[in-house]
Student: 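Would you mind keeping the following structure in view while I ask a few things?
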Amino acid sequence: AKAQGSGRWDAHRPGSSDPGAERLVLLEQLRAAVRDGELRVHYQPRQHLPSGTLSGVEALVRWQHPTRGLLQPAEFIDAAEESGVIRDLGAWVLTEAVEQAVRWDAAGGLPGLQMAVNLSARQLADPGLVPRVAGTLARAGLRASRLVLEITETALMSDPEAALATLQELRALGVLLAVDDFGTGYSSFTYLKQFPVDELKIDRSFVTGMTTDAGDRAIVASCVHLAHAMGLVAVAEGVETAAERDALRALGCDQAQGYFFSRPVPPSEVPVPGVVVPA
Ligand code: C2E
Ligand code: CA
Ligand code: CA
Ligand code: CA
């Protein structure tokens with residue numbers, strides 16, 4: 001299945017294909033990639049803002065394509081979601097991330113480090129999800145409270161009643177739950193109040209504008225207040241400057257991640273306290 005060479009991406013030559021055929025080629029390759037070990041997980045550090053220390057990492061999938069190089073999720077995650085390949089891809093990422101947390105522990109790393117993994121709408125709706133999460137944690141021997149599952153507001157609101165039931169089952173396992181891209185979807189407070197979540201992740205679009213736009217700053221401040229009023233941890237994503245970090249700190253935001261601290265990197269490059277990086 002590892003066919004290489006120029007013929008493989010003929011469908012990509014400008015003007016040589018229709019997008020439907022190109023997509024089928026991509027999907028077929030992605031299925032094979034999950035099987036053949038071409039996926040990678042990069043990790044983006046997350047910082048505890050008051051202390052400036054590492055609080056956890058977010059697992060972000062990459063595809064080490066044999067001819068096209070390292071592909072970002074934007075190039076394949078939507079196709080994976082629409083086709084259902086996300087089921088196997090997501091199961092692989094979950095296992096890899098949980099095992100990586102255990103490897104860091106074994107290497108002497110910070111014991112409480114949180115491992116955040118993204119779940120799509122389709123993964124959330126999969127009846128196999130809860131047993132898979134439970135089985136993955138049990139096989140690896142990771143305490144459930146070390147795992148944070150990030151679910152976008154949009155995914156949660158596509159079928160809120162079903163989402164609520166699944167979140168309750170995940171919560172019963174002891175995993176933590178985060179509402180991702182908060183502020184970009186259409187959650188009603190009625191649902192937000194019922195969802196048993198632990199964190200709100202404030203969307204990057206508001207964080208990006210907060211030092212120049214009074215409206216964005218007000219939105220970020222409201223999200224932090226809302227999170228705290230509901231007993232949730234406020235996390236900001238997409239922090240790119242010291243000014244944004246300082247503004248978030250001043251607002252009392254608990255945690256932050258973004259290029260200012262670190263880009264997503266391979267596991268060997270994550271500065272986990274206690275873990276000695278081989279030279
Ligand atoms: P997300 O969950 O919102 O993840 C954050 C994205 O923002 C990541 O892009 C990250 O690299 C990027 N980012 C982080 N800090 C900054 C910053 O300071 N500035 C800017 N401009 N960008 C920043 P990435 O890795 O390309 O992932 C894109 C999306 O793909 C993710 O958005 C998530 O929705 C999805 N995704 C990634 N990995 C997985 C996965 O394993 N499973 C599922 N279901 N979805 C995934
Ligand atoms: Ca996320
Ligand atoms: Ca996000
Ligand atoms: Ca986002």
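Counting starts at 1 for both ligands and their atoms, in listed order. All residue numbers refer to positions in the sequence shown, counting from 1.
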Student: Would you please say whether a donor-acceptor pair under 3.5 Å links the side chains of Arg46 and Gln255?
Tutor: yes
Student: Heavy-atom contacts with Pro264 under 4.0 Å: which atoms of ligand 1 show up? List them by number with element.
Tutor: 11 (O)
Student: Would one find an N or O of Ala59, backbone or side chain, under 3.5 Å from an N or O of ligand 1?
Tutor: no
Student: Any chance the side chains of Gln72 and Arg62 put a donor and an acceptor closer than 3.5 Å?
Tutor: yes
Student: Hey, which atoms in ligand 1 end up nearer than 4.0 Å to a heavy atom of Val93?
Tutor: 41 (O)
Student: Just to check, does Ala74 reach to within less than 4.0 Å of ligand 1 when the distance is taken from its heavy atoms?
Tutor: no
Student: In Glu58, which N, O or S atom comes closest to the Ca ion (ligand 2)?
Tutor: OE2
Student: Which heavy atom in Arg245 sits nearest to a heavy atom in Val239, and how many Å separate them?
Tutor: N-CG1, 3.9 Å
Student: If I consider every N, O or S atom in Glu150, which one ends up closest to the Ca ion (ligand 2)? I only need its name.
Tutor: OE1
Student: Locate the shortest heavy-atom distance separating Leu142 from Asp105; write the atom from each residue and the value.
Tutor: CD1-OD2, 4.1 Å
Student: Just by distance, no angles: are the side chains of Arg103 and Gln100 close enough, under 3.5 Å, to form a donor-acceptor pair?
Tutor: yes
Student: Just wondering, do Trp63 and Leu39 contact through their side chains at under 4.5 Å, heavy atoms?
Tutor: yes
Student: Does Glu58 reach ligand 1, in the sense of a heavy atom lying below 4.0 Å from it?
Tutor: yes
Student: For Ser120, counting its heavy atoms only, list the atoms of ligand 1 lying under 4.0 Å from any of them.
Tutor: 44 (N)
Student: Between Ser120 and Arg122, does any side-chain donor sit less than 3.5 Å from a side-chain acceptor?
Tutor: no
Student: Got an N/O contact under 3.5 Å between Gln72 and ligand 1?
Tutor: no
Student: Going from CD1 on Ile151 to CG on Leu167, what distance comes out if it is rounded to the nearest 0.5 angstrom?
Tutor: 5.0 Å
Student: Side chain, backbone, both or neither: which applies to Glu81 and ligand 1 if a contact is any heavy-atom pair less than 4.0 Å apart?
Tutor: neither
Student: Measure from the Ca ion (ligand 2) to each N, O or S atom of Asp180 and report whether any distance is below 3.0 Å.
Tutor: yes
Student: Could you list the atoms of ligand 1 found under 4.0 angstrom from a heavy atom of Asp180?
Tutor: 2 (O)
Student: Return yes when His42 approaches ligand 1 closer than 4.0 angstrom through a heavy atom, no otherwise.
Tutor: no
Student: Tell me which part of Glu75 gets within contact of ligand 1: side chain, backbone, both or neither, using heavy atoms under 4.0 Å.
Tutor: neither
Student: Heavy atoms, side chains only, cut-off 4.5 Å: are Leu147 and Leu94 in contact?
Tutor: yes
Student: State, to 0.1 Å, how close Leu137 and Arg143 come at their nearest heavy-atom pair, and which atoms those are.
Tutor: CD2-O, 4.4 Å
Student: Has the side chain of Glu240 got a donor or acceptor atom that lies under 3.5 Å from a matching backbone atom of Gly258?
Tutor: no
Student: Select one of side chain, backbone, both or neither to describe which atoms of Val117 lie under 4.0 Å from any atom of ligand 1, heavy atoms only.
Tutor: neither
Student: Which part of Arg204 is near ligand 1, with near meaning a heavy atom under 4.0 Å away: side chain, backbone, both or neither?
Tutor: side chain
Student: With a cut-off of 4.0 Å, which atoms of ligand 1 are near a heavy atom of Gln44?
Tutor: 14 (C), 15 (N)
Student: Determine yes or no for a side-chain-to-main-chain donor-acceptor pair under 3.5 angstrom, with Arg217 supplying the side chain and Thr212 the backbone.
Tutor: no
Student: With heavy atoms only and a cut-off of under 4.0 Å, state how Asp181 meets ligand 1: side chain, backbone, both or neither.
Tutor: side chain
Student: Look at ligand 1 and say whether Gln123 reaches it with a heavy atom at a distance under 4.0 Å.
Tutor: yes
Student: Could you tell me whether the Ca ion (ligand 2) has an N, O or S atom of Thr152 under 3.0 Å away?
Tutor: no
Student: Using heavy-atom distances, let me know which of Asn118, Val61, Ile86 sits nearest atom 33 (C) of ligand 1.
Tutor: Asn118
Student: What are the two closest heavy atoms between Val197 and Arg171, and how far apart are they?
Tutor: O-NH2, 4.1 Å
Student: Suppose I only count heavy atoms of Glu240 and a 4.0 Å limit; which atoms of ligand 1 are within that range?
Tutor: 17 (C), 18 (O), 19 (N), 20 (C), 21 (N)
